[in-house]
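A quick write-up on the structure given underneath.
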Amino acid sequence: MINVLFAATEQRWTEYRAPLTEAFAARDLAVDLRTDFPPEAVDYIVYAPNSPVQDFTPYTRCKAVLNLWAGVEAIVGNQTLTRPLCRMVDHGLTRGMVEWVTGHALRHHLHIDHFLAHQDGDWDAAKLVPPLAEERPVTVLGLGELGAACAQALAQLGFPVTGWSRSPKDIEGLTCLSGPEGLAQALSTAQILVLLLPLTAETTDLMDATRLAQLPRGAVILNPGRGPLIVDEALLAALDAGHLRHATLDVFRTEPLPAAHPFWAHPQVTVCPHIASETRPLTASRIIAENVARGETGAPFLFLVDRSQGY
Ligand SMILES: NC(=O)c1ccc[n+]([C@@H]2O[C@H](COP(=O)([O-])OP(=O)(O)OC[C@H]3O[C@@H](n4cnc5c(N)ncnc54)[C@H](OP(=O)(O)O)[C@@H]3O)[C@@H](O)[C@H]2O)c1
């Protein structure tokens with residue numbers, strides 16, 4: 001019997017219990033799935049970083065920790081975790097992010113807010129013809145599972161898309177840049193900027209006043225990545241100065257975003273409560289079962305986190 005500890009919130013247990021049980025059965029894995037085991041009996045931990053399990057020392061026979069979230073910044077530095085850590089890559093998570101990013105990009109591209117504000121019978125005041133997508137360069141920072149999928153979806157709509165990543169890439173339909181020298185170039189053309197970077201020591205505060213100033217006047221920012229990728233005060237200053245047109249933010253330095261935070265009341269900021277994309281239990285359970293099957297046969301785990309890079 002393979003003992004799998006489910007270490008996440010009660011609500012997640014309700015959502016995941018049945019699909020995980022089914023996914024293990026579909027792989028012919030004899031799994032005992034529970035929310036409580038003696039630590040020394042646990043073979044795998046299905047994990048959310050907001051679970052009470054924070055000290056992994058007693059889990060002496062654990063073969064891997066399988067994260068339910070794509071982002072691992074809350075667990076990657078945990079010194080008690082010495083076993084392999086896998087992050088979540090899930091069809092539902094990726095497709096949800098593609099829909100969120102394309103929807104919010106099109107809102108700003110098509111000036112939908114302008115038409116909502118001109119419903120008063122004044123035909124001429126309402127008249128604003130948006131450019132074609134092919135005339136609106138977009139930049140996506142981060143070309144991983146989510147960034148690459150979003151960049152390709154935007155390119156398919158006709159936007160000229162530049163992507164930026166740590167290592168050089170060659171992705172059909174995209175202009176791919178990398179490294180510090182590529183960033184200034186990627187920002188300089190970005191009428192819409194999408195942030196899909198993980199939060200690491202290198203990406204924290206990436207979009208500070210200097211980098212925001214490198215964006216063209218009137219640019220829009222979409223941040224479904226992580227809150228600390230942007231310096232809040234610098235973003236507010238760039239919006240107030242008229243340099244940026246709008247920021248649509250799904251993630252924040254403090255979540256929930258405090259009621260007194262200036263983002264809530266700012267007319268050029270859209271606050272979303274970290275809903276851009278959710279791990280979907282049905283498809284995510286299959287990934288977890290696949291990784292348990294791999295662990296049992298000694299095959300390499302999927303989506304292993306590189307601790308040295310922090311993601
Ligand atoms: N809002 C939401 O609902 C939600 C949901 C899921 C995920 N997220 C966020 O989205 C992030 C991205 O997810 P993912 O699955 O696409 O991650 P991923 O596959 O690990 O991709 C990360 C990308 O960022 C690039 N990168 C990392 N550090 C960099 C640096 N210092 N300079 C330049 N590029 C750098 C990587 O470059 P290389 O390709 O060269 O490694 C890679 O292209 C997650 O970490 C999480 O924070 C948010």
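Every number for a ligand or one of its atoms is a count from 1 in the order of the listing. FYI, side chains are in, hydrogens and waters are out, and symmetry mates aren't considered; it's all heavy atoms of this structure. Numbers for residues simply follow the sequence, beginning at 1.
- The distance between the ring centers of F252 and H261 does not fall below 6.0 angstrom.
- Side-chain atoms of Y44 and E296 form a donor-acceptor pair, as typed in the model, at a separation below 3.5 Å.
- Taking Ile, Leu, Val, Met, Phe, Trp and Tyr as hydrophobic and joining them when side-chain heavy atoms fall under 4.5 Å apart, one finds V76 in a cluster with L5, F37, V42, I45, Y47, V53, F56, Y59, V65, V72, I75, L81, L85, V305.
- The protein residues lying under 4.0 angstrom from ligand 1, judged by non-hydrogen atoms, are A70, G71, R87, L93, M97, G142, L143, G144, E145, L146, G147, W164, S165, R166, S167, K169, L196, L197, P198, E202, T203, P224, G225, R226, D250, V251, H274, A276, S277, Y311.
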>> Using salt bridge (charged side-chain N to carboxylate O under 4.0 Å, His left out), reason through K127 and D122 one step at a time and then give a plain yes or no.
In response: CA-CA 9 Å; K127 204 154 201 147; D122 188 340; over 6 Å; no
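- From W100, atom CH2 reaches atom CG of D250 across 5.0 Å, with rounding to the nearest 0.5 Å.
- Around atom CZ of R107, more than 12 heavy atoms belonging to other residues, nucleotides or ligands sit under 6.0 Å away.
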